[in-house]
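To keep things clear, I will list the structure first and then write my remarks on it.
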Number of protein chains: 2
Amino acid sequence: MDQERPVKLSDISKALNLSVSTVSRALNDSHEIGEETKRIVQSYASKVNYRPNLIAQSLKEMNTRYIAIIVPEISNSFFAEIVNGVEFVANNQGYHVVIYQTHDSTEREINIIRDVARRKADGLLLSPSTNQTDVNEVMKSIGAKLPVVYFDRVPSDNYCHKVVCDNYQAAFEATSWLIQQGKRRIAHMAGPSGISISIERLAGYSAALLHAGISVDPNLIRYSNFLAREAWDNLRDLEEKYQPDAYFASSDRLSFYCYEAVQMLPEPRATEVKIVGFTNATFAHLLRPKLSAIVQPAFEMGKIAAEMLLNTITKKNKNIEYGFIKLPAVLKNTE
Amino acid sequence: MDQERPVKLSDISKALNLSVSTVSRALNDSHEIGEETKRIVQSYASKVNYRPNLIAQSLKEMNTRYIAIIVPEISNSFFAEIVNGVEFVANNQGYHVVIYQTHDSTEREINIIRDVARRKADGLLLSPSTNQTDVNEVMKSIGAKLPVVYFDRVPSDNYCHKVVCDNYQAAFEATSWLIQQGKRRIAHMAGPSGISISIERLAGYSAALLHAGISVDPNLIRYSNFLAREAWDNLRDLEEKYQPDAYFASSDRLSFYCYEAVQMLPEPRATEVKIVGFTNATFAHLLRPKLSAIVQPAFEMGKIAAEMLLNTITKKNKNIEYGFIKLPAVLKNTE
DNA sequence: GTGAAAGCGCTAACAA
DNA sequence: TTGTTAGCGCTTTCAC
């Protein structure tokens, strides 16, 4: 019946009266093994259901043939699509993808990075959390062996691989569209200050306002971390004091918080206040009134990031050329 | 500056003029090592940023301290929450969780299971796809070494660990609620036939109809795989021929397809046709008209599944007692 | 064309 | 208390 313990090379070598090395070579289809021997070994191996122990293989070969990706939350469609793009490319090249979630905790993120290094992943895709300095620290401490590609939130320096969408452009277009709809008091629900995406989106928003001759009112700009609490406080305060006639939300979650808050307002504000936000949620278009969506090319971003990473993994000794790819986002649900 | 290659035990042992085993023991805080030596070794190790190679450790110890979970799609909130429940428990016990997606492909699923076995995960959480026989086949072929807990979609036999929600009860309540709303021609958008959840949900739906004295019309029951195409064809056909006054949808995706299809109908049907469906989507409550939701206790299910799995992993030699946990789902958004 | 043996980095039984 | 050594399962150099 079924073997109790997985069969290994030495089991086969004993059964067939061959050396372990011959068996290994035969299974790896080495040219220095006779056709006849190969046939015998391979057919016996498949008969007894031999599966190489990848742990042993990894230890020997000094690679694991998997890459890790660290995201804040997999339920966020944007990140889920990125992961899918990464898987698409990686699987095609015989790599597996291991997904980690930080749940927006820098502490978790740091532990995960350490773990990824200890487990000898061949590479890492990273969208670092708010606390860039701490993360940089860890990235240094794990040694030079781990190739990294950053995506979405990226460091400002140029000595790393990065894939992003054109946040400035997207924010500019979204804000301009709101202005075209006749909106003037446009609030900006921003993500954590200090990280790349927040800075660029704020810049695009401001530029659009100024371009239209509207002054930028700091009271209408609110930074929120990823806590619902914070976002809601900001929304309540904005409504009490400033009654914006539109919202520009900088993330998936903020978009939905905004939407929900606005829906709870008394009419006619509930239907008149327009919202545009970054979101890749598949069912965003079902909402009425509409939630206008800035959709990022997440799958594409994942593909490109994975390609960059696998390139640096395989081209070990070549001189490194750091890549910086920026893709356009698209504005949808604008009737 | 930074070491080019990760430091290993022998590096430390050389630097400190100690044997590798002493260093190993000192770092593992073995009682047979002098306090003084421990201090020296540990402080030096942290100075040079020593991190044990988990690959080597795994090979030696014959365990990897991680469990794998295979889900159809991480963007599906139901599965994302399950994963979070699993992570919660596993991380607390020092285990990591590796997430795999099948994208509803049996072929992918089988490859993943094989890979999980080859990479020597300590355990597996599995919600097997449609093709149970093929999956069973593989599960057998990988040998007895991999503890498994099934969740959501589970095998019918009793010689395995399972965690599910009470699909029969949930379907019964949902259908009964539609009947209370005065609906009579209630269509059932079912998942793939033959798997546990589909069977149970269909049973609950039928029982509720019969209980209310309504006969079960097979024309109103439509099975769909996970392809949008199939679901849409079913919906169109139902609308053309039978004009149901309500839909009971058996999955997240089907719920949203239904919702979208109904919204596209001419009034007054678009607002009168009621929909209730299984979904854990966070923003389902934002939809107007409402999408009534059967919400599964996914986080809880994940926690329980992980606990069962870690129990069987750690209690190696104890006699196995197979667990079967069934949790209630909740009906929401019913005004 | 095939075998013997070393070694990947670590732990632990056995010696001293 | 510390060192020596074998071995986890595999690949690969070197010898025959």
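Atoms considered below: every heavy atom in the structure, side chains included; atoms not considered: hydrogens, waters and symmetry mates. Lettering follows sequence order; numbering is per chain, from 1.
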Of the options D:dT11, C:dC14, C:dC10, whose atoms approach the side-chain atoms of B:R25 most closely?
C:dC14

Using a 6.0 Å cut-off, check whether atom CD of A:E137 has over 12 heavy atoms from anything other than its own residue.
no

Look at the side chain of B:T22 and decide which nucleotide, out of C:dG9, D:dG3, C:dG1, has an atom nearest to it.
D:dG3

Measuring from the side chain of B:E32 (C-beta onward, heavy atoms only), which nucleotide among D:dA6, D:dT11, D:dT1 has the closest atom?
D:dT1

For A:K120 and C:dC8, what is the distance between atoms NZ and P respectively, to the nearest whole Å?
14 Å

Among D:dG9, C:dC10, C:dA4, the nucleotide that comes nearest once only the side chain of A:S21 is considered
C:dA4

Between C1' on C:dA12 and NZ on B:K60, what's the gap in Å once rounded to a whole number?
6 Å

A:E36 CD to C:dG1 P, straight-line distance once rounded to whole Å
13 Å

Closest to side chain of B:L18, choosing from C:dC10, D:dG3, C:dT2:
D:dG3

Determine the contact category for A:S58: base if any of its heavy atoms lies under 4.0 Å from a base atom, sugar-phosphate if only primed atoms, P, OP1 or OP2 are that close, otherwise nothing.
nothing

Going by the angle between their ring planes, with limits at 30° and 60°, are B:Y100 and A:H96 parallel, tilted or perpendicular?
perpendicular

At under 4.0 Å, does any side-chain N or O of A:S10 touch on OP1 or OP2 of D:dG9?
no

Rounded to the nearest 0.5 Å, how far does CZ of A:R5 lie from CE of B:M62?
9.0 Å

Whole-Å distance between C:dG1 P and A:N28 CG?
17 Å

Does a nitrogen or oxygen in the side chain of B:Y50 sit under 4.0 Å from OP1 or OP2 of C:dG9?
no

B:I33 atom CD1 is separated from D:dG3 atom P, nearest whole Å, by 8 Å

Relative to the 5' end of DNA chain D, which residue comes earlier, B:E35 or A:V20, by the nucleotide with the nearest heavy atom?
B:E35

Between A:R65 and A:N63, does any side-chain donor sit less than 3.5 Å from a side-chain acceptor?
no

Mind calculating the distance between CG (B:L59) and C1' (D:dA6) to the nearest angstrom?
13 Å

Between D:dG9 (C1') and A:L54 (CG): distance, integer Å
11 Å

Of all the choices, C:dT11, D:dT4, D:dG9, which nucleotide is nearest to the side chain of B:S19 once you look at every atom?
D:dT4

Whole-Å distance separating the CG atom of A:L9 from the P atom of C:dG3:
13 Å

Please confirm whether the shortest side-chain N or O distance from B:N53 to OP1 or OP2 of C:dC8 is below 4.0 Å.
no

May I ask you to test the A:R119-A:Y66 pair for a side-chain heavy-atom distance under 4.5 Å?
yes

Of the listed nucleotides D:dC10, C:dG9, C:dA12, the one nearest the side chain of A:Q57
D:dC10

Within less than 4.0 Å of OP1 or OP2 of D:dC10, is there a side-chain N or O belonging to A:S24?
no

Is the closest side-chain heavy-atom distance between A:S127 and A:V71 below 4.5 Å?
no

